[in-house]
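A short write-up of the structure that comes next.
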Amino acid sequence: MKLYQHPISGHCHRVALYLSLTDTPYEPVLVDVAAGEQKSAAFLAKNAFGQVPVLEDDGVIIADSCAILVYLAERDERTDLYPRDPVVRAEIQRWFALAAGPLASGPAAARLSNLFGTPGKESAVAAAHQLFATVEDVLATRAWLAGTPHPTLADLALYSYAHAAPEGDVDLAAYPRLRDLLRRIEALPRFTPFPENAVGLRASA
Ligand SMILES: N[C@@H](CCC(=O)N[C@@H](CS)C(=O)NCC(=O)O)C(=O)O
């Protein structure tokens, strides 16, 4: 199984985290995103949207980090990470939507601004705080995001860009429950870290 990825991408890390936690062997294939390799004809044949991550599993090609998580958890019958209960599945889907929406346009975009100078940093930081304040409220009612007594794909989907938020100058100090969630994910057996960059608040840490 191959994971086409780039190490700076939280979308890719969320899949790498699943593979690591489940002790699944795979071959990481570096896609040179800075050089635009994700828009090459060869890569577009794998993902018409020209983005990483893409998973290739014995001829099956899946693009989009959350779609890959669902594919793998179903394939592996990981009903702990992706329970069959329709209410829990709906909850997980809701967190996937947040991961593709405000998590991407908030903390992930603010971090990209600091890493590559992309515009819109101020509004991205504001969106990040709005998202994390709500997550903090939700975490007053439940230990794990989907309301289960154990982690699910929802927690994996949030982890990477929440952990990396300080790289976009998003201070997590006001969100103790979120920080505790991140620590509990990091304490899971076979956790693999998201490589850190000395930008934003991490540059001064
Ligand atoms: N919804 C997609 C988003 C993936 C995404 O934004 N990938 C970025 C890297 S983090 C990318 O490939 N950017 C290069 C580009 O769009 O050209 C997913 O969850 O996989």
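All heavy atoms count here, side chains included; hydrogens, waters and symmetry mates do not. Every number for a ligand or one of its atoms is a count from 1 in the order of the listing. Since the model is a prediction, treat every value here as computed from it, not as a measurement.
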Side-chain donor or acceptor of Arg202 paired with backbone N/O of Asn197 under 3.5 Å: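 No, because the side chain of Arg202 does not come within donor-acceptor range (under 3.5 Å) of the backbone of Asn197.
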Would you say His129 and Tyr175 are linked by a side-chain donor-acceptor pair, where the criterion is simply a distance under 3.5 Å?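 Checked: Tyr175/His129 side chains pair up, N/O donor to acceptor below 3.5 Å.
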Cut-off 3.5 Å, side chains only: do Tyr71 and Asp57 have a donor facing an acceptor?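 Indeed, the side chains of Tyr71 and Asp57 share at least one donor-acceptor pair under 3.5 Å.
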Under a 4.0 Å threshold between the charged nitrogen and the carboxylate oxygen, would Arg183 count as salt-bridged to Glu186?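 Answer for the salt bridge query: no.
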Quick check on ligand 1: any N or O pairs to the protein under 3.5 Å? One line per pair.
from	atom 1	to	atom 2	distance (Å)
ligand 1	1 (N)	Asp64	OD2	2.9
ligand 1	6 (O)	Gln51	NE2	3.4
ligand 1	7 (N)	Val52	O	2.8
ligand 1	12 (O)	Val52	N	2.9
ligand 1	16 (O)	Gln51	NE2	3.1
ligand 1	17 (O)	Gln38	NE2	2.9
ligand 1	17 (O)	Lys39	NZ	3.0
ligand 1	19 (O)	Asp64	OD2	3.4
ligand 1	19 (O)	Ser65	N	3.2
ligand 1	19 (O)	Ser65	OG	2.6
ligand 1	20 (O)	Ser65	N	2.8

Between Tyr161, Tyr159, Phe96, which is the residue that forms a ring pair (Phe, Tyr, Trp, His ring centres under 6.0 Å) with His11?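 Exactly one pass, corresponding to Tyr161.
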Would the number of heavy atoms belonging to other residues, nucleotides or ligands and lying under 6.0 Å from CD of Glu196 be above 12?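 Count over threshold, so yes.
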